[in-house]
Amino acid sequence: MIHTTEGESAGAALPAAPRTPALRRCIEVAQALAYDEGGPVELIHLFTSAAYDSTSATRSWLVVRATGAHHFITDEAYRAVADAAAARDARTRNLPFAPAAAGALSRLAYWTTRTGDETADTAHLLLACLEAGADDKEMRKFVRSIGLTERVVLSHAMMVRQGIVADDRQAGHRGPILSRRRSDRPVPYHFEAPHRAVGPLKGRNISMRSQMSSATHVASPVQSHLLRLHVRVLGGEQLSIFVVLFTLIWASLTVTSWSALWLIGLLARRHNTSAAVRMGIDVALVIVSVLLGIPWPLVGLALVYRALDLLEGRLALLEIRGDVGDPSVTESGVRSDLRADRSAAHFYRTLKMTRRLRPE
């Protein structure tokens with residue numbers, strides 16, 4: 001069923017969460033898709049109905065657009081979902097679910113709790129399908145081609161609040177979903193709405209989508225202060241890079257050409273190597289500096305840069321943990337997501353060069 005332009009651990013059982021009308025419709029569409037194939041509802045049918053239904057601004061569709069994944073979906077896939085939506089009837093609604101699909105539906109309450117919501121919606125179905133898709137060959141193939149990861153979808157699901165169609169909003173909260181004048185707005189919506197939703201629609205943004213953080217969806221001021229501190233540290237880090245490079249050029253031309261070795265330290269970024277590896281490189285360079293007579297001001301500046309680099313990486317990790325509501329996220333996990341982003345960006349650029357890219 002997947003069409004592209006390229007041929008937590010389970011805790012205690014949670015009580016079933018109420019479902020939005022859009023989610024119920026999404027499940028019925030999945031049943032209609034499976035009915036046409038003469039079998040039970042598979043995981044791929046649930047994922048397709050959640051990700052490919054562009055007839056209304058459901059939460060899952062806004063997430064798909066925000067992540068840039070809509071570029072990889074063909075017109076044929078959209079038509080298949082639209083035809084299935086039109087073909088829903090009593091026969092399709094009685095179709096049973098395969099074990100993987102039933103397992104994904106049983107996780108809706110968990111993902112609803114993770115996002116701080118009360119009602120299961122289409123974005124929660126998208127997350128449940130990605131979670132269960134680790135054991136599904138067809139799902140893994142599609143998800144790998146677009147580089148879509150669970151954490152990326154989760155963080156965007158928590159941020160995407162504006163413009164959701166009425167039948168996919170949270171129960172009991174009607175009217176302007178982001179109105180600042182409402183005194184009874186729920187915690188997940190307690191933020192200032194942007195003028196318009198902006199998603200990573202270009203190759204550069206797709207390549208960094210898992211690294212992008214926002215405090216807009218968090219009610220606590222801690223995340224907002226953390227973001228501001230991160231910006232200041234980034235500014236200091238960029239300034240230190242400029243000073244180190246200037247000093248490195250001076251030392252290479254006037255003291256010893258071996259000073260250029262410290263360029264290795266600057267290239268060992270957190271996106272490429274772990275903190276232990278970066279620190280090991282710095283220790284080795286300090287030892288080499290003693291033997292080769294590299295000026296100590298350069299060594300000191302490079303170590304200041306490394307300290308800022310380590311602090312910036314830690315702040316970024318804390319922000320991503322806050323975005324996905326998971327304190328167990330590690331730096332290696334973030335680097336893994338970054339590799340998936342870069343793979344998707346490469347796919348995006350390939351489609352663009354071959355003129356097979358879907359329009360906005």
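What you see is a predicted model; the values in this text were computed from it and never measured.
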Colleague: May I have the step-by-step check of salt bridge (charged side-chain N to carboxylate O under 4.0 Å, His left out) for Asp167 and Arg25, ending in yes or no?
Modeller: CA-CA 10 Å; Asp167 63 358; Arg25 174 183 177 277; over 6 Å; no

Colleague: For the side chain to side chain donor-acceptor pair (under 3.5 Å) test, which of Thr20, Thr119, Thr58 pairs with Asp168?
Modeller: Thr20

Colleague: What I'd like to find out is whether the side chain of Phe97 reaches to under 4.5 Å of the side chain of Ile27, using heavy atoms alone.
Modeller: yes

Colleague: So, Ser49 side chain and His45 main chain: donor-acceptor pair closer than 3.5 Å or not?
Modeller: yes

Colleague: Measuring only between side-chain heavy atoms, which start at C-beta, is Ser207 closer than 4.5 Å to Tyr348?
Modeller: no

Colleague: If you define the side chain from C-beta out and look only at heavy atoms, does anything of Arg278 sit under 4.5 Å from Leu310?
Modeller: yes

Colleague: Answer yes or no: is there an ion pair linking Glu331 with Arg335, defined by an N-O contact shorter than 4.0 Å?
Modeller: yes

Colleague: Could you tell me whether the side chain of Ile294 reaches within less than 4.5 Å of the side chain of Val255, counting heavy atoms only?
Modeller: no

Colleague: Could you tell me whether a side-chain N or O of Asp121 sits under 3.5 Å from a main-chain N or O of His124, the two making a donor and an acceptor?
Modeller: yes

Colleague: Anything under 30° is parallel, anything over 60° is perpendicular, the rest tilted; go ahead and classify His70 against Trp61.
Modeller: perpendicular

Colleague: Can you confirm whether His271 is buried at NE2, in the sense that more than 12 heavy atoms of other residues, nucleotides or ligands lie under 6.0 Å from that atom?
Modeller: yes

Colleague: Quick one, Leu261 and Leu292 - any side-chain contact, counting heavy atoms below 4.5 Å?
Modeller: yes

Colleague: Could you tell me whether the side chain of Arg93 and the main chain of Arg88 form a donor-acceptor pair under 3.5 Å?
Modeller: no

Colleague: Going hydrophobic residue to hydrophobic residue with side-chain gaps under 4.5 angstrom, can you get from Leu125 over to Val64?
Modeller: no

Colleague: So do Leu108 and Leu23 actually touch side chain to side chain, heavy atoms under 4.5 Å?
Modeller: yes

Colleague: Do Asp89 side-chain atoms and Thr92 backbone N/O form a donor-acceptor pair below 3.5 Å?
Modeller: yes

Colleague: Please, which pairs that meet salt bridge (charged side-chain N to carboxylate O under 4.0 Å, His left out) have at least one residue in residues 253-271, sequence neighbours excluded?
Modeller: Glu237-Arg269, Arg270-Glu312

Colleague: Is the backbone of Val152 close enough, under 3.5 Å, to the side chain of Arg209 for a donor and an acceptor to pair up by distance?
Modeller: no

Colleague: What pairs with Arg79 under salt bridge (Lys or Arg N to Asp or Glu O under 4.0 Å), at least two apart in sequence or on another chain?
Modeller: Glu76

